[in-house]
Amino acid sequence: MNFELSDEIRMIKDAATAFSKKELAPNAAETDQKHIFPREALKKLSNLDFMGLLTPDKYGGMGYGYDAMVAVMEEIAKGCVATAGTFSVHLTTQFMIQAYGSDELKERFLPQMTSGKKIGALSITEPEAGSDISAISAKVEMVDGKYVINANKIFVTTAGEADIYLVGVKTNPELKHKGVSILIVEKGAEGFKFGKVENKMGYGGSPTGELIFSNCIVPRENILWEEGKGFEMLMGALDRGRISVGAIGLGVAQAAYEAALSYTKARKQFGRSICKFQGIQWMLSDMAIMISASRLLLYQAADLANKGKPFTKEASMAKCFATDSAMSVTTDAVQLLGGYGYIKDYPVERYMREAKIFQIVEGTNQIQRNIIANELLK
């Protein structure tokens, strides 16, 4: 297999690299520490047309494939994970509207999303429904031809900052996973407000919060596809989202590795740079191996997605390995910097805190192993 990037995608990747180094990395620590939502960074991403990276030009997008997404997402994540995480969810919500929305919904929402005027978010998790999507219990009734939602959603990325929310609800509770549907709810809708924002160990620039629906009225035409198709839609969307999340893990790992490599070359002990010691070299080698393997798994999944071939197993493998590797690489980066690695003057402690969340979101890595096993045993 040849996963070499085309000249065009390499140019896009180079543009993302330059943007990340100039606009994202210098502000990433403050973004995390002060919990600053990176709205200005997202506006600048829009100026590069990246906010519509995967969406057809018919709706103002660039129409690229998942290889371009992996390339860009890695570079954005190296600079600022909060920006990358918001960008990732935004692309996933666009995909769902593009793939499953009516023509009216596509025309209504996609141009605003590809231009960056409106940010998308996905709301699935509930206090009793996390990995088990079929356990969604958000109540919906049909009143005067409109949906009325009464529910609480938790752990929603960019809660309060996003403008367009894809909300998982149960339109037919007795049908379990076949009763799940997806509704589009806009910020400012009657009966829709925001609750608690979580105080997380990392990923501070991306708010994770609660959505509260109290007799929230949603037009009937705001449903994606049709009632009962939510689970099927989410499985396809999450496969794609896992490639994206894996690419964020890859970017964080690459940033941590580069910081550790630079430090070990400069740091001298016992009369020589510590990178000359075999034990240090083994750690650096293991980090490089995990990063390279992660990148190959991600591009393999992206290639299958681009070709319209099944890629569920490959997406789960890529997400699982890349994010587990990110946790390992960032932990070792802290170790290689010693005491300096543990203080906030250096970025590696932030990388380690940020890496952890990506082993959890878009399906925990334990769930990924279940998915992989199910695919292997088919």
Side-chain angles (χ1 to χ4, degrees), residues 12 15-16 19 23 37-66 68-69 72-73 76 80 82-124 146-147 149 153 156-169 181-194 205-207 209 211 213 216-225 230 233-234 236-237 240-241 244:
I12 294 171
F19 171 78
E23 302 288 349
F37 183 68
R39 189 167 295 279
E40 288 303 312
L42 294 168
K43 287 181 181 178
K44 291 174 181 178
L45 269 181
S46 299
N47 294 337
L48 293 170
D49 292 330
F50 286 162
M51 294 295 271
L53 186 66
L54 303 175
T55 305
D57 59 5
K58 178 181 178 180
Y59 302 107
M62 298 177 75
Y64 285 106
Y66 285 87
M69 187 274 292
V72 170
M73 194 67 71
I76 300 303
C80 176
T83 303
T86 302
F87 180 43
S88 173
V89 175
H90 181 72
L91 292 180
T92 299
T93 56
Q94 279 186 72
F95 164 77
M96 293 187 70
I97 294 172
Q98 174 194 326
Y100 306 112
S102 65
D103 289 342
E104 188 275 332
L105 290 176
K106 292 175 187 178
E107 294 289 350
R108 183 175 157 197
F109 291 113
L110 289 178
Q112 295 184 77
M113 298 177 79
T114 57
S115 67
K117 292 178 180 177
K118 291 195 174 181
I119 297 170
L122 188 60
S123 173
I124 304 301
K146 297 180 179 180
Y147 291 106
I149 310 175
K153 293 286 187 176
V156 179
T157 301
T158 64
E161 298 290 349
D163 308 284
I164 299 166
Y165 296 82
L166 305 191
V167 183
V169 298
S181 301
I182 305 294
L183 300 179
I184 301 178
V185 185
E186 294 184 76
K187 187 177 182 178
E190 181 180 348
F192 175 28
K193 64 180 182 179
F194 304 102
S206 176
L211 310 186
F213 301 96
C216 176
I217 299 173
V218 180
R220 188 168 190 167
E221 60 268 22
N222 275 28
I223 190 168
L224 288 185
W225 199 353
M233 286 186 281
L234 286 169
R240 288 163 173 80
S244 182

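From a predicted model like this one, the values you see are computed outputs, not experimental measurements.
- For Thr86 (side chain) and Thr83 (main-chain N/O), no donor-acceptor pair under 3.5 Å exists by modelled atom type.
- Taking the side chain as every heavy atom from C-beta outward, Met96 and Leu122 approach each other to under 4.5 Å.
- Aromatic ring centres of Phe95 and Tyr66 lie farther apart than the 6.0 Å criterion allows.
- A distance of 7.5 Å separates CZ in Arg39 from CG in Leu42, rounded to the nearest 0.5 Å.
- Note: Glu190 CD to Phe213 CZ = 13.5 Å, rounded to the nearest 0.5 Å.
- Taking both residues in full, the closest heavy atoms of Leu224 and Gly101 are given as CD2-CA, 3.7 Å, listed atom of the first, atom of the second, then distance.
- Atoms CG and CZ, from Leu166 and Phe109 in turn, are 9.0 Å apart once rounded to the nearest 0.5 Å.
- Considering only heavy atoms from C-beta on, Phe50 comes within 4.5 Å of Ile12 through its side chain.
- Interatomic distance, NZ of Lys187 versus CD1 of Ile164, reported as 11.5 Å (0.5 Å rounding).
- A pairwise comparison of heavy atoms in Tyr59 and Thr114 identifies O-OG1, 2.8 Å as the closest pair.
- With contacts defined as side-chain heavy-atom distances shorter than 4.5 Å, the pair Lys146/Arg220 does not qualify.
- Using a 4.5 Å cut-off on side-chain heavy atoms (C-beta onward), Pro207 and Phe37 make contact.
- At least one donor-acceptor pair closer than 3.5 Å links the side chain of Ser102 to the backbone N or O of Leu105.
- Under the 3.5 Å distance criterion, the side-chain polar atoms of Asn222 are matched with a main-chain donor or acceptor of Ile184.
- Under the 30°/60° scheme for interplanar angles, the aromatic rings of Phe192 and Tyr165 are found to stand perpendicular.
- A distance of 5.0 Å separates CE in Met51 from CD1 in Ile119, rounded to the nearest 0.5 Å.
- Expressed to the nearest 0.5 Å, how far CE of Met233 lies from OH of Tyr100 amounts to 7.5 Å.
- A salt bridge links Arg108 to Glu186: one of the charged nitrogens lies within less than 4.0 Å of a carboxylate oxygen.
- Pairing each heavy atom of Ile124 with each of Lys153, the nearest pair is O-NZ, 2.9 Å.
- With hydrogens and angles disregarded, a donor-acceptor distance shorter than 3.5 Å links the side chain of Lys106 to the backbone of Gln98.
- Applying the 6.0 Å contact sphere to CD of Glu104 captures more than 12 heavy atoms from other residues, nucleotides or ligands.
- In this structure, Asp57 contributes its side chain and Met62 its backbone to no donor-acceptor pair below 3.5 Å.
- Counting heavy atoms from C-beta outward, Met113 and Ile97 have side chains that approach closer than 4.5 Å.
- The shortest heavy-atom contact between Ser46 and Gly116 is OG-CA, 3.3 Å.
- Side-chain N or O atoms of Arg240 include none that pairs as donor or acceptor with a backbone N or O of Leu91 at under 3.5 Å.
- At least one side-chain heavy atom of Ile149 sits under 4.5 Å from a side-chain heavy atom of Leu183.
- Remark: the backbone N or O of Gly230 is not paired with any side-chain donor or acceptor of Ser181 at under 3.5 angstrom.
- For the pair Met73 and Phe87, the minimum side-chain heavy-atom distance is below 4.5 Å.
- Using a distance-only test at 3.5 Å, with no hydrogens or angles considered, no donor-acceptor pair links the side chain of Gln112 to the main chain of Glu107.
- When atom types are taken as modelled, the side chain of Ser88 and the backbone of Ala84 share no donor-acceptor pair closer than 3.5 angstrom.
- With hydrogens and angles ignored, the 3.5 Å screen pairs a side-chain donor or acceptor of His90 with a backbone N or O of Gly120.
- Closest approach of Pro38 and Gly205 over heavy atoms only: CD-O, 3.3 Å.
- Smallest separation of non-hydrogen atoms from Ile182 and Gly168: CD1-CA, 3.8 Å.
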